[in-house]
Amino acid sequence: MKYKTKVILCVGIAMLALIGGGYFIYQQRTHFNENVTINGINVGGLNAKEAQEKLTAAKVEKKVYLNKQLLYTAEPTESEFSSKDLAKFEATLKKQATTLPSDKKVNYTLTPAKVDGKKVASLRSNVEAKLNEANQSRKAPVDAYAILEGDKVKVVKEEAGNKYDISAILKEFSQKEGNKDIYLTAKYLKPVKANSATLNKRKRNSKN
């Protein structure tokens, strides 16, 4: 092969490599990675506008789980996303960007610009009702307490229970309410312990 032909071939290969590399970088910067979800809905391979349009068109049937067990299923409702939320999707696209394609599972939670407060309040209220219902058959913790016997203060140890700490669970719910599937971790009411500052104060008061 002549020298000139070799040069032309090398230049051609280099140009193709540059074009291919440029296209690869463009794809990585403008499209979501394969296993990325937003509010539990897969947006892998989509650009920001396509992802926004997919969530806007989605019918959402929210399910709430407690320790991976289904707690409550809401009626399907229309998504509240719109073109006004595009900037949020663009920002999320930048956040998830990686130099090389990634199949890591990542979920992002986005809240629409316009949210139906009644819908959110209704979901929260139903979840709270389910937790209260479950608590009816659960044991409440018993605080440690101090009693005065003669001139001595006796401490009766606390007893653990398994009643849910509904306020703590609902706090986690508020952080995840935008998701299609909401996974919550059970949290339990805790008793006042025998070595706590609260009980020590009660002991001092008993002596007075």
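Everything numeric here is computed off the predicted structure, so don't read it as measured data.
Leu110 and Phe32 fall within a single hydrophobic cluster, where Ile, Leu, Val, Met, Phe, Trp and Tyr are joined by side-chain heavy atoms under 4.5 Å apart, directly or via other members. Under the 4.5 Å side-chain heavy-atom criterion for ILVMFWY residues, no single connected hydrophobic cluster contains both Val64 and Tyr183. Criterion: ILVMFWY side-chain heavy atoms under 4.5 Å apart, direct or through other members. Under it, Leu71 and Tyr188 are part of a common hydrophobic cluster. By the rule that hydrophobic residues join a cluster once side-chain heavy atoms approach within less than 4.5 Å of another member, Val106 and Val43 end up as members of one cluster.
Interatomic distance, CD1 of Ile38 versus CD of Gln96, reported as 8.5 Å (0.5 Å rounding). Atoms CG and CD, from Asn39 and Glu177 in turn, are 10.5 Å apart once rounded to the nearest 0.5 Å. Atoms CG and CD, from Leu170 and Gln175 in turn, are 11.5 Å apart once rounded to the nearest 0.5 Å.
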Listing, residues 45-56 side-chain donor-acceptor contacts under 3.5 Å, not counting sequence neighbours, or none:
| unit_1 | atom_1 | unit_2 | atom_2 | d |
| --- | --- | --- | --- | --- |
| Asn47 | OD1 | Lys49 | N | 3.2 |
| Asn47 | OD1 | Glu50 | N | 2.7 |
| Lys49 | NZ | Glu53 | OE2 | 3.3 |
| Glu50 | OE1 | Asn47 | N | 3.0 |
| Gln52 | NE2 | Thr56 | OG1 | 3.0 |
| Gln52 | NE2 | Ser82 | O | 3.4 |
| Lys54 | NZ | Asn42 | O | 2.7 |
| Thr56 | OG1 | Gln52 | O | 2.7 |
| Thr56 | OG1 | Phe81 | O | 3.4 |

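Remark: side-chain polar atoms of Lys187 are not paired, donor with acceptor, to backbone N or O of Ile166 under 3.5 angstrom. A donor-acceptor pair is defined here as one N or O able to donate and one able to accept, closer than 3.5 Å; such a pair exists between the side chain of Gln28 and the backbone of Thr98. Under the 3.5 Å distance criterion, the side-chain polar atoms of Asn162 are matched with a main-chain donor or acceptor of Lys139. Side-chain atoms of Lys62 do not come within 3.5 Å of backbone N or O of Pro76 as any donor-acceptor pair. Within the 3.5 Å criterion, the main-chain N or O of Asp103 finds no donor-acceptor partner in the side chain of Lys105. Of the possible donor and acceptor atoms, one in the side chain of Asp165 sits under 3.5 Å from a partner among the backbone N and O of Ala168. At least one donor-acceptor pair closer than 3.5 Å links the side chain of Asn67 to the backbone N or O of Ala186. The closest donor-acceptor contact from the side chain of Asp116 to the backbone of Lys118 lies under 3.5 Å. Side-chain atoms of Thr92 come within 3.5 Å of backbone atoms of Lys88 as a donor-acceptor pair (strictly under, hydrogens ignored).
The shortest side-chain heavy-atom distance between Arg124 and Phe173 falls under the 4.5 Å cut-off. Looking only at side-chain heavy atoms (C-beta outward), Lys176 and Thr109 stay at 4.5 Å or farther from each other. No side-chain heavy atom of Tyr65 sits less than 4.5 Å from a side-chain heavy atom of Ile182. Here the side chains of Asn35 and Lys104 are not in contact, with every heavy-atom distance at 4.5 Å or above.
For Tyr108, there are no ring-ring contact (aromatic ring centres under 6.0 Å, His included) partners at least two apart in sequence or on another chain.
Under a cutoff of 6.0 Å and an axis angle of 45°, Arg138 and Tyr164 form a cation-pi pair.
Test Leu184, Asn126, Ile169 against Leu131 for side chain to side chain contact (heavy atoms under 4.5 Å, CB included) and you get one pass: Ile169.
Other residues, nucleotides and ligands place more than 12 heavy atoms under 6.0 Å from the NZ atom of Lys163.
Among all heavy-atom pairs drawn from Gly40 and Asn179, the shortest one is N-OD1, 4.5 Å.
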* Start with the C-alpha distance between Glu61 and Lys180, add both sets of side-chain angles, then the distance that settles salt bridge (charged side-chain N to carboxylate O under 4.0 Å, His left out), and finish with yes or no. => CA-CA 7 Å; Glu61 180 186 66; Lys180 176 177 174 288; over 6 Å; no

* To do: In sequence, state the C-alpha distance, the side-chain angles, and the governing distance for Glu158 and Val142, and then conclude on side-chain contact (heavy atoms from CB on, under 4.5 Å).
  => CA-CA 6 Å; Glu158 73 278 0; Val142 179; over 6 Å; no

* **Test salt bridge (charged side-chain N to carboxylate O under 4.0 Å, His left out) applied to Lys94 and Glu90, step by step** => CA-CA 6 Å; Lys94 290 180 181 178; Glu90 291 173 338; over 6 Å; no

* To do: Go through Glu78 and Lys59 one step at a time and tell me if the salt bridge (charged side-chain N to carboxylate O under 4.0 Å, His left out) criterion holds.
  => CA-CA 5 Å; Glu78 297 289 340; Lys59 274 259 190 182; 3.4 Å; yes

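Inspection of the Asn33 and Ser102 side chains reveals no N or O donor paired with an N or O acceptor under 3.5 Å.
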